[in-house]
Undergrad: 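Pasting a structure here, questions to come.
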Amino acid sequence: MDEDLKRRMIEAGRILEQAGQGDWTRGHLSVRVPGAADRFYMKASKIGLEEMTLDNIITVGLDGEKIEGEHGRHNEVFIHSELLRARPDVNAVVHTHAPHAVSFSALGKPLQAIGHPGAIFAEGLPVFSETTELITTSERGRAVAAALGAHGAMLLQNHGLVTAAPTIEQAVYLALSLENACMMQLWVEAAGGAKALGKPDDIKAKRKHMFREEMFKATFAYLVRRLTRG
Ligand SMILES: [Zn+2]
């Protein structure tokens with residue numbers, strides 16, 4: 001039944017929405033079905049990220065076709081199907097139209113490690129700029145997967161962010177961290193641009209501290225507790 005995994009997807013959706021990444025009904029997330037590498041659970045279309053339930057999560061194949069579920073499938077399913085196809089190490093994908101990430105992508109500038117969240121992406125943040133349109137074909141999905149390469153997060157220029165990770169906890173952590181990093185740099189850019197940045201060795205050390213399994217899990221658990229506090 002994989003009910004626990006679906007419950008974590010539901011929590012992930014509520015966390016992303018609470019963090020300001022819900023673009024009405026437009027964001028989505030997926031998790032590969034354990035023991036069935038060629039299919040994944042995904043949020044349905046026409047509902048908010050915070051409206052997922054055990055009953056409305058759909059099951060989709062790597063060709064992007066719905067296998068199970070009564071609710072509709074997002075047009076941008078191919079971000080998930082092609083990423084999960086290209087990356088056997090990835091089990092969870094998040095795509096949102098996070099407003100700071102979208103705004104930052106319009107600057108056409110590399111992301112800087114203004115604070116801790118920025119340090120997480122110090123090893124590179126790919127930007128998909130082939131089109132700013134929706135990713136509605138498997139061909140475009142493959143192009144997004146190619147742009148992501150072996151990274152865990154990327155920007156879709158003038159569109160949104162994508163994160164891909166072994167676990168949903170990590171994918172959410174990266175999505176929230178990337179949005180915060182973009183927000184911080186937008187503030188700094190608005191104030192004239194960064195004049196002081198940490199030493200490369202400091203940033204490397206910070207990345208190591210911030211990019212840990214324990215950190216992904218503890219942060220997710222905290223965010224779930226915060227949800228229940230309202
Ligand atoms: Zn989108």
Side-chain angles (χ1 to χ4, degrees), residues 1-2 4-6 8-10 12-13 16 21 23 25-47 49 52 56-98 101 105 121 123-157 159-175 178 211 213 216:
M1 268 303 283
D2 297 327
D4 285 351
L5 190 57
K6 286 187 178 176
R8 238 170 302 149
M9 288 177 73
I10 293 166
L16 287 162
Q21 295 205 24
D23 180 16
T25 62
R26 290 175 198 140
H28 24 95
L29 61 94
S30 64
V31 174
R32 200 190 294 270
V33 176
D38 60 347
R39 54 182 64 189
F40 55 94
Y41 297 130
M42 186 171 172
K43 170 194 168 285
S45 62
K46 298 191 175 72
I47 58 166
L49 276 165
M52 280 191 286
N56 66 24
I57 290 172
I58 61 172
T59 308
V60 184
L62 289 187
D63 55 1
E65 293 302 318
K66 189 169 77 174
I67 294 169
E68 222 179 296
E70 282 169 26
H71 284 69
R73 192 209 66 180
H74 278 283
N75 289 336
E76 290 196 304
V77 67
F78 301 104
I79 295 174
H80 304 260
S81 57
E82 293 304 329
L83 256 170
L84 290 166
R85 191 202 297 276
R87 292 275 301 273
D89 61 312
V90 163
N91 293 313
V93 176
V94 168
H95 168 59
T96 72
H97 301 161
S105 78
F121 307 99
E123 289 185 359
L125 179 70
V127 180
F128 177 75
S129 54
E130 203 175 294
T131 178
T132 63
E133 260 211 83
L134 273 71
I135 310 301
T136 54
T137 63
S138 47
E139 196 185 356
R140 275 197 186 148
R142 279 197 291 278
V144 168
L148 180 68
H151 291 273
M154 70 190 299
L155 294 174
L156 307 183
Q157 190 196 311
H159 178 171
L161 63 81
V162 174
T163 64
T167 65
I168 187 67
E169 289 91 339
Q170 185 173 339
V172 167
Y173 180 86
L174 291 175
L178 181 54
F211 196 83
E213 187 67 34
F216 310 142

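As the structure is a computational prediction, the values presented were derived from the model and not from experiment.
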Undergrad: Looking at CZ of Arg32 and CG of Leu83, how far apart are the two atoms once the value is rounded to the nearest 0.5 Å?
TA: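 So the gap between those two atoms works out to 10.0 Å.
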
Undergrad: Report the distance from atom CG of Leu174 to atom CG of Leu125, rounding to the nearest 0.5 Å.
TA: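 Answer for the CG-CG pair, Leu174 versus Leu125, is 10.5 Å.
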
Undergrad: Over all heavy atoms of both residues, which pair between Met9 and Leu29 is shortest? Give the atoms and the distance, please.
TA: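 Smallest heavy-atom distance, with atoms named: CE-CD1, 3.8 Å.
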
Undergrad: Looking at OG1 of Thr25 and CG of Leu49, how far apart are the two atoms once the value is rounded to the nearest 0.5 Å?
TA: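 Between atom OG1 of Thr25 and atom CG of Leu49 there are 9.0 Å.
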
Undergrad: Measuring only between side-chain heavy atoms, which start at C-beta, is Leu16 closer than 4.5 Å to Val94?
TA: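 They are in side-chain contact.
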
Undergrad: Side chains of Pro34 and Leu5: does their closest heavy-atom pair fall under 4.5 Å?
TA: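 Yes. Closest side-chain heavy atoms under 4.5 Å.
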
Undergrad: From Ile135 CD1 over to Leu156 CG, what is the distance, rounded to the nearest 0.5 angstrom?
TA: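 Output value for this atom pair is 5.5 Å.
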
Undergrad: Begin with the C-alpha distance, continue with both residues' side-chain angles, and end with the deciding distance and a verdict on side-chain contact (heavy atoms from CB on, under 4.5 Å) for Val162 and Val93.
TA: CA-CA 7 Å; Val162 174; Val93 176; 4.2 Å; yes

Undergrad: So, do Val77 and Met42 sit near enough that their side-chain heavy atoms are less than 4.5 Å apart?
TA: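 Val77 vs Met42: side chains touch.
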
Undergrad: Flag the pair Phe211 / Tyr173 as yes when their ring centroid distance falls below 6.0 Å, and as no otherwise.
TA: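 No, they do not, as the ring centres are separated by 6.0 Å or more.
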
Undergrad: In Å, rounded to the nearest 0.5 Å, how long is the span from NE2 of His74 to CG of Leu134?
TA: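 His74 atom NE2 to Leu134 atom CG measures 10.5 Å (nearest 0.5 Å).
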
Undergrad: Taking all non-hydrogen atoms of both residues, which atom of His97 and which atom of Glu76 are closest, and how far apart?
TA: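 What the structure gives for the nearest pair is NE2-OE1, 3.8 Å.
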
Undergrad: Below 4.5 Å, heavy atoms only, C-beta onward: do Leu178 and Leu155 meet side chain to side chain?
TA: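 Leu178 reaches Leu155 side chain to side chain.
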
Undergrad: One pair to check against salt bridge (charged side-chain N to carboxylate O under 4.0 Å, His left out): Arg140 and Glu82. What are the steps and the verdict?
TA: CA-CA 9 Å; Arg140 275 197 186 148; Glu82 293 304 329; over 6 Å; no

Undergrad: I'd like to check Thr59 versus Lys66 (side-chain heavy atoms, cut-off strictly below 4.5 Å). Are they in contact?
TA: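 Sidechains of Lys66 and Thr59: no contact.
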
Undergrad: What closest approach, in Å, do Pro126 and Leu148 show between heavy atoms, and which atom pair accounts for it?
TA: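 Minimum heavy-atom contact is CG-O, 3.9 Å.
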
Undergrad: Nearest 0.5 Å, please: how far is NZ in Lys6 from CD1 in Ile57?
TA: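 Here the rounded value is 6.0 Å.
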
Undergrad: Counting N and O atoms only, with roles assigned by atom type, does the side chain of Arg87 sit under 3.5 Å from a partner on the main chain of Gly149, one being a donor and the other an acceptor?
TA: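 Looks like yes, one N/O pair under 3.5 Å.
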
Undergrad: Taking all non-hydrogen atoms of both residues into account, name the closest pair between Ala147 and Phe128 and its distance.
TA: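 Minimum heavy-atom contact is CB-CD1, 4.0 Å.
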
Undergrad: Would you indicate whether the side-chain heavy atoms of Asp63 and Ser138 approach each other to under 4.5 Å?
TA: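 Answer no - side chains too far apart.
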
Undergrad: Could you tell me whether Arg8 and Glu169 have a side-chain N and a carboxylate O separated by less than 4.0 Å?
TA: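 Salt bridge: yes.
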
Undergrad: State whether a side-chain donor-acceptor pair under 3.5 Å links His71 with Lys46.
TA: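 The criterion, which ignores hydrogens and geometry beyond distance, is not satisfied for Lys46 and His71.
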
Undergrad: For Arg39 and Val33, indicate whether the former's side chain and the latter's backbone hold a donor-acceptor pair under 3.5 Å.
TA: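 The answer is no, because no donor-acceptor pair under 3.5 Å joins these two groups.
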
Undergrad: Can you find a side-chain donor-acceptor pair between Thr96 and Gln21 that sits under 3.5 Å?
TA: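 Present: a donor and an acceptor within the cut-off.
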
Undergrad: Begin from the C-alpha positions of Asp2 and Tyr41 and carry the test side-chain contact (heavy atoms from CB on, under 4.5 Å) through to its verdict.
TA: CA-CA 10 Å; Asp2 297 327; Tyr41 297 130; 2.7 Å; yes

Undergrad: Classify the angle between the aromatic ring planes of His95 and His28 as parallel (below 30°), tilted (30 to 60°) or perpendicular (above 60°).
TA: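 It falls in the tilted class, 30° to 60°.
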
Undergrad: Which pair of non-hydrogen atoms, one from Thr163 and one from Ala175, has the smallest distance, and what is that distance?
TA: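 Smallest interatomic distance, heavy atoms only, reads CG2-N, 3.5 Å.
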
Undergrad: So do the side chains of Val144 and Met154 get within less than 4.5 Å of each other, counting heavy atoms only?
TA: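 In contact.
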
Undergrad: Would you name the heavy atoms of Phe40 and Gly61 that are closest together and state the gap between them?
TA: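 Closest heavy-atom pair between Phe40 and Gly61: CE2-O, 3.5 Å.
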
Undergrad: With a 4.5 Å heavy-atom cut-off, do Val60 and Ile67 have their side chains touching?
TA: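 No; the side chains remain at least 4.5 Å from each other.
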
Undergrad: Given side-chain contact (heavy atoms from CB on, under 4.5 Å), test Glu213 with Gln170 step by step and report yes or no.
TA: CA-CA 8 Å; Glu213 187 67 34; Gln170 185 173 339; 4.3 Å; yes

